[in-house]
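Okay, so here's the structure we're looking at.
Only this structure's heavy atoms are used, side chains among them; waters, hydrogens and symmetry mates stay out. Computed from a predicted model, the values in this text were never measured in an experiment. Numbers restart at 1 for each chain; the letters A, B, ... are given by sequence-line order, proteins then strands.
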2 protein chains.
Amino acid sequence: MGKIADPARKSIGARRNPDSADAILEAAEAVLIEAGYAGFSIEAVARRARAGKPTIYRWWPSKAALLLEVYQRQKRVDIPDTASLEEDLVGFLINLFTHWRETSSGSIFKSLIAEAQSDETAAAALAGYAGGRRTHTGQIVERAKARGEIAGDIDPAVVADLVASYAWRHLLINRLDEPEATIRKMVRYLLQGIEAPGGQR
Amino acid sequence: MGKIADPARKSIGARRNPDSADAILEAAEAVLIEAGYAGFSIEAVARRARAGKPTIYRWWPSKAALLLEVYQRQKRVDIPDTASLEEDLVGFLINLFTHWRETSSGSIFKSLIAEAQSDETAAAALAGYAGGRRTHTGQIVERAKARGEIAGDIDPAVVADLVASYAWRHLLINRLDEPEATIRKMVRYLLQGIEAPGGQR
DNA sequence: TACCCATCGGAACGGAACGTTTCGTTGAAT
DNA sequence: ATTCAACGAAACGTTCCGTTCCGATGGGTA
């Protein structure tokens with residue numbers, strides 16, 4: 001250890017960091033995509049990145065921390081904005097399922113859930129991510145409420161919670177290939193009877 | 001359990017099975033409760049059961065298989081039957097959350113989800129369990145439909161899926177302590193507008 | 001140019017756990 | 001009393017975690 005630590009990282013000065021750090025993150029992502037959580041070991045990442053294990057541990061305190069950064073690095077899913085809550089939600093879920101399937105970032109998210117069972121850091125990150133008001137579904141529903149599309153006595157958080165729960169469960173049981181009709185049926189059911197009296201629909 | 005070999009097992013003759021098998025299952029459950037998924041190792045279970053590792057591997061092909069049997073052995077939750085879908089669902093969720101919290105079978109279920117990320121057997125079991133028509137929520141909703149409480153064009157599977165999803169997600173983010181009012185609010189929202197025209201309520 | 005020194009990759013370590021093999025013992029069925 | 005499968009214990013080879021040591025690299029500084 002050095003004399004003064006970077007609050008975010010843990011080492012002293014950063015001379016050749018960025019190259020190594022990027023190579024390691026990219027290797028970690030590649031390993032997760034190709035071998036899944038079962039094959040995600042620090043040694044595999046080091047081999048792939050042509051880096052030494054100590055280099056990885058210099059920058060990330062644990063396997064969970066590396067996984068977390070790989071996850072956060074994934075680019076976000078487009079949030080549709082069609083001025084209709086039903087279309088927004090259906091579009092978002094289809095985008096999300098496709099993104100999870102095609103970029104394998106679903107694997108990464110599932111890995112995070114798995115890691116959270118044995119690592120406190122990952123558990124806190126997962127709970128924080130799910131509990132925050134910044135979730136995608138939360139934004140979509142809040143926007144619809146601001147638009148006056150939802151009755152006043154409906155709590156947007158409940159709708160957002162249910163939509164997110166649906167997505168998580170379908171990810172966990174490997175059912176990301178639901179046809180649009182199935183998703184729309186669920187969303188339609190979910191939105192049944194929540195229109196505000198003067199809502200524009 | 002009988003005296004002769006259980007055909008579901010893999011070995012030929014089974015002379016001293018039942019005692020050992022029970023001791024191992026009980027030890028596995030105790031280890032999971034006391035040390036969680038992080039401490040759930042075959043060696044810990046063997047030590048606790050005063051059994052040899054080969055004995056465990058003789059009866060369960062993998063750690064996942066043992067975990068699966070521990071889970072199935074313990075998942076008894078009362079299914080309320082109050083002639084009201086809302087009361088049934090709220091009661092069931094409260095029972096389930098309490099059961100998950102107090103018996104630590106929530107830990108076991110989460111462990112199963114984690115294990116499913118690195119073991120194909122566990123993944124299949126999880127998908128099968130969630131996809132089957134035998135889920136608790138499915139039974140509750142089907143019963144309400146038979147009772148005529150639900151409009152004909154509502155698919156009970158959608159409601160059941162959403163309720164189960166809610167439960168899973170709250171388990172995964174360690175939010176099993178929701179007050180009854182919160183759960184009731186969600187269920188009320190979920191059941192809004194689904195009553196059949198002539199439904200008894 | 002010559003020196004300094006933090007970071008680097010590689011090799012090796014101790015510890016834990018997986019799943020397997022080997023061996024001597026136990027005990028129910030014959 | 002004999003047989004034979006299941007048993008517990010111990011040890012094995014493997015993989016991986018996270019750490020320690022080492023020699024090499026290559027910018028910063030005089």
- Which residue pairs pass the salt bridge (charged side-chain N to carboxylate O under 4.0 Å, His left out) test when at least one of the two sits in residues 158-169 of chain A, sequence neighbours left out? D161(A)-R169(B), R169(A)-D161(B)
- Taking only side-chain nitrogens and oxygens of W60(A), does any of them come within less than 4.0 Å of OP1 or OP2 of dC17(D)? no
- Do Q117(A) and S111(B) have a side chain donor and acceptor closer than 3.5 Å? no
- Query: Looking only at side chains, do E115(A) and Y37(A) share a donor and an acceptor under 3.5 Å apart?
  - Reply: yes
- Task: Determine, for K185(B) against D155(A), whether the closest basic-nitrogen to carboxylate-oxygen distance falls under 4.0 angstrom.
- Result: yes
- Query: What does nucleotides 10-20 of chain C look like as a protein-contact string, B for base, S for sugar-phosphate only, - for none, at under 4.0 angstrom between heavy atoms?
  - Reply: BBB----BBBB
- Task: Using atom types as modelled and distance alone, determine if a side-chain donor or acceptor of D119(B) lies under 3.5 Å from a backbone N or O of T121(B).
- Result: yes
